[in-house]
> 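After the structure tokens below, expect a handful of questions from me.
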Amino acid sequence: MERRRFLQCGGAALFGAVVLGACTSDDSGHQQGQPPTTTPTTLVNGAGPTDIALTKTAASLEAMLIDAYQKLTTSPLVTSSSLVALGTLFAQHHTQHLAALNGIITTGGSAAITAPNDVMEKQIVQPALAAAKTQDDLVHLFFTLEDATAQTYVYAGGASTRPDLRSSMMSIGGIEARHRALLSVQVEQQQIDDLFPSAFAQSDNPLPPDALVT
């Protein structure tokens with residue numbers, strides 16, 4: 001499915017097309033839907049992150065998600081073919097996002113980002129993958145990653161100074177929000193009021209302070 005088509009799909013049609021086999025409640029004590037709580041990212045001099053730093057950081061998150069979904073789709077813990085199909089689709093979207101962001105980065109004269117965000121990998125992804133015992137554990141990790149990434153794009157859209165960059169951030173962020181919504185309703189078994197506690201997404205930075213790529 002192309003990314004544009006994914007945007008156009010209605011919620012009911014999309015949920016009907018992708019039925020996950022892991023649609024069970026989380027009884028493991030996880031606090032669902034909560035990305036890491038941190039203070040807003042600032043530079044050493046106290047200023048906010050630059051446009052290129054925001055773009056590089058977003059690209060590193062996309063690289064992180066591509067790598068993580070590859071691990072999800074090949075994990076022996078995953079028994080649902082529908083979950084594998086969903087992970088493959090989301091990985092395709094993240095590949096497109098990374099290419100778009102790298103187009104902005106290289107046009108500005110910087111090298112393309114290809115490696116996953118090092119801080120997120122070491123602090124969140126690798127420990128969670130190592131600790132996962134069930135398919136539900138993996139799905140909860142991916143919901144958390146999509147949740148944090150979607151919020152990062154909302155934050156970056158407000159922090160960017162260029163109108164074209166803000167537009168790109170919010171366009172990509174809309175896809176991330178759809179990923180988050182699908183995983184939360186189909187797998188995390190969240191209620192709509194919990195998923196959308198207010199009319200607007202949170203706009204503060206959800207990443208660890210040292211996750212900024214400069």
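We're numbering straight along the sequence, starting at 1. Quick note: numbers below take in every heavy atom, side chains included, and nothing from hydrogens, waters or symmetry partners. Quick caveat, the model's predicted, so the values are computed rather than measured.
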> What residue among V154, D164, T55 forms side chain to side chain contact (heavy atoms under 4.5 Å, CB included) with M169?
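So, applying the side chain to side chain contact (heavy atoms under 4.5 Å, CB included) to M169 and each of V154, D164, T55, only T55 qualifies.
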
> Is any side-chain heavy atom of I172 less than 4.5 Å from a side-chain heavy atom of E62?
yes

> Kindly give the heavy-atom pair with the smallest separation between Y69 and A91, and that separation in Å.
CB-CB, 3.9 Å

> Please answer: with hydrophobic residues joined when any side-chain heavy atoms are less than 4.5 Å apart, are M120 and I66 in the same cluster?
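In one cluster: no.
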
> Side-chain heavy atoms under 4.5 angstrom apart, residues restricted to Ile, Leu, Val, Met, Phe, Trp, Tyr: same cluster for I105 and L165?
no

> What is the minimum heavy-atom distance between D67 and P116, and which atoms define it?
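Scanning both residues, the minimum pair turns out to be CB-CG, 4.2 Å.
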
> Taking all non-hydrogen atoms of both residues into account, name the closest pair between A59 and L98 and its distance.
O-CD1, 3.4 Å

> Quick check against the 3.5 Å criterion: does N117 have a side-chain atom that pairs as donor or acceptor with the backbone of L61?
no

> Which residue is it: Q151, R180, R178, H94? I am looking for the one with a side chain to side chain donor-acceptor pair (under 3.5 Å) to E146.
H94

> Report the residues that fulfil side-chain contact (heavy atoms from CB on, under 4.5 Å) with T73, sequence neighbours left out, ordered by chain and then residue number.
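So T73 forms a side-chain contact (heavy atoms from CB on, under 4.5 Å) with V84, T88.
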
> Which pair of non-hydrogen atoms, one from Q135 and one from L77, has the smallest distance, and what is that distance?
CB-O, 3.5 Å

> If only atom types and distance count, is the side chain of T57 paired as donor or acceptor with the main-chain N or O of V213 below 3.5 Å?
yes

> Assign the ring pair H179 / H93 to parallel, tilted or perpendicular, where the plane angle (0 to 90°) is split at 30° and 60°.
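Rings of H179 and H93: parallel, under 30°.
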
> Taking all non-hydrogen atoms of both residues into account, name the closest pair between P49 and L54 and its distance.
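Heavy atoms only, the tightest pair is CG-CD2, 3.7 Å.
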
> So, do L207 and Y155 sit near enough that their side-chain heavy atoms are less than 4.5 Å apart?
no

> Taking R166 for its side chain and T161 for its backbone only, find out whether a donor-acceptor pair lies under 3.5 Å.
yes

